[in-house]
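What follows is a single structure, written as structure tokens, with notes after it.
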Amino acid sequence: MGVLEFRAITIVPAGLRGDGAGFFAGGQFVVRAAFDADDCARYEYRQDIKGTASVHQGVLGAGGPASLGGWLPAGAPRNAGPDFTVPGGLTSSFKEDGEVRGGRVERFGHRRNAAVLRTGLEDRYLSAQRDGCQYRLRDTWGLRGAARPAGLRITIDIIYRGRIIDTADGNRVIRTLHWGVHIDDIIT
């Protein structure tokens, strides 16, 4: 009865990677949920997010391998929360997660929305969006930069909260998951 499966799985670990001439500091996870066949349509997924992100230019210390231990700050850190595609940017309080694409806000798990399946992003119910018993989410999260300035320190701390709600019972939350992601690295 109700929720048969509900889990979040990291498939690309949090990290700093090259992205053409720039960088990508982030990762990817999937969420899987399965609902009882007798009443699938009443359940929906919601995802909340909160956290902090900053970029801080610095210099790499001389005389050894480039590492956080040899990094020296230059100037003040900049809040990178507004750079996230989350509606309103990344903030320190939980809010419903989603993306702003083409001036439109897309939120995860809403059955009334069209199913989404594209590179790095999945948000759909199977076998049908309106009443499917399987929910699939793929979320590629992170921060992109157009250049790779040596000595740039990227720090990201995010907490996600996934919730299954019962729409037939006033959107009552019936299951909750929490997971976090963290990056603290420098461009060398």
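Numbers here simply count residues along the sequence, with the first being 1.
- Here Tyr125 contributes atom OH and Asp131 contributes atom CG; the two are 11.5 Å apart, rounded to the nearest 0.5 Å.
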CA sep, side-chain torsions, deciding dist, call: Ile154, Val55, side-chain contact (heavy atoms from CB on, under 4.5 Å):
CA-CA 5 Å; Ile154 297 109; Val55 293; 4.0 Å; yes

Show, in sequence, the C-alpha distance, side-chain angles and deciding distance for Val30 and Arg136, and conclude whether the side-chain contact (heavy atoms from CB on, under 4.5 Å) test is met.
CA-CA 7 Å; Val30 296; Arg136 300 288 182 256; over 6 Å; no

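- Side-chain contact between Arg153 and Asp184 is present, with at least one heavy-atom pair separated by less than 4.5 Å.
- When side chains are defined from C-beta on, Phe6 does not count as touching Tyr135, because their heavy atoms never get closer than 4.5 Å.
- How far NE2 of His56 is from CD1 of Ile186: 12.0 Å, rounded to the nearest 0.5 Å.
- Side-chain contact between Leu121 and Arg138 is absent, with no heavy-atom pair separated by less than 4.5 Å.
- Around atom CZ of Arg130, no more than 12 heavy atoms belonging to other residues, nucleotides or ligands sit under 6.0 Å away.
- Within the model, atoms CD1 of Ile49 and CD1 of Ile159 stand 10.5 Å from one another, a figure rounded to the nearest 0.5 Å.
- Hydrophobic clustering (side-chain heavy atoms under 4.5 Å, transitive across Ile, Leu, Val, Met, Phe, Trp, Tyr) keeps Ile158 apart from Phe94.
- Rounding to the nearest 0.5 angstrom, the gap separating the CZ atom in Phe84 from the CD atom in Glu99 is 12.0 Å.
- For Ala150, there are no side-chain contact (heavy atoms from CB on, under 4.5 Å) partners at least two apart in sequence or on another chain.
- For the pair Pro87/Lys95, no side-chain contact is recorded, criterion being any heavy-atom separation below 4.5 Å from C-beta on.
- A 4.5 Å side-chain heavy-atom check between Val173 and Arg161 finds every atom pair outside the cut-off.
- The shortest side-chain heavy-atom distance between Tyr43 and Ile165 does not fall under the 4.5 Å cut-off.
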Under 3.5 Å, which donor-acceptor pairs do the side chains of residues 10-26 form with other protein atoms, sequence neighbours left out?
{"from": "Arg17", "atom 1": "NH1", "to": "Gly15", "atom 2": "O", "distance (Å)": "3.1"}
{"from": "Arg17", "atom 1": "NH1", "to": "Gly26", "atom 2": "O", "distance (Å)": "2.9"}
{"from": "Arg17", "atom 1": "NH2", "to": "Pro13", "atom 2": "O", "distance (Å)": "2.5"}
{"from": "Asp19", "atom 1": "OD2", "to": "Arg144", "atom 2": "NH1", "distance (Å)": "2.6"}

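- Taking the centre of each ring, Tyr160 and Phe29 come in below the 6.0 Å mark.
- In this structure, the side chain of Gln129 engages the main chain of Asn113 through a donor-acceptor pair within 3.5 Å.
- Atom CZ of Arg7 has 12 or fewer heavy atoms from other residues, nucleotides or ligands within 6.0 Å.
- With respect to Trp141, the side-chain contact (heavy atoms from CB on, under 4.5 Å) criterion is satisfied by exactly one of Asp97, Val181, Val86, Thr85: Val181.
- The backbone N or O of Gly51 sits nowhere less than 3.5 Å from a side-chain atom of Asp157 that would complete a donor-acceptor pair.
- One finds the CZ atom of Arg42 at 11.5 Å from the CZ atom of Arg111 (value rounded to the nearest 0.5 Å).
- One finds the CD atom of Glu44 at 7.0 Å from the NE2 atom of His110 (value rounded to the nearest 0.5 Å).
- With a 4.5 Å cut-off between side-chain heavy atoms of Ile, Leu, Val, Met, Phe, Trp and Tyr, the cluster of Val105 takes in Val100.
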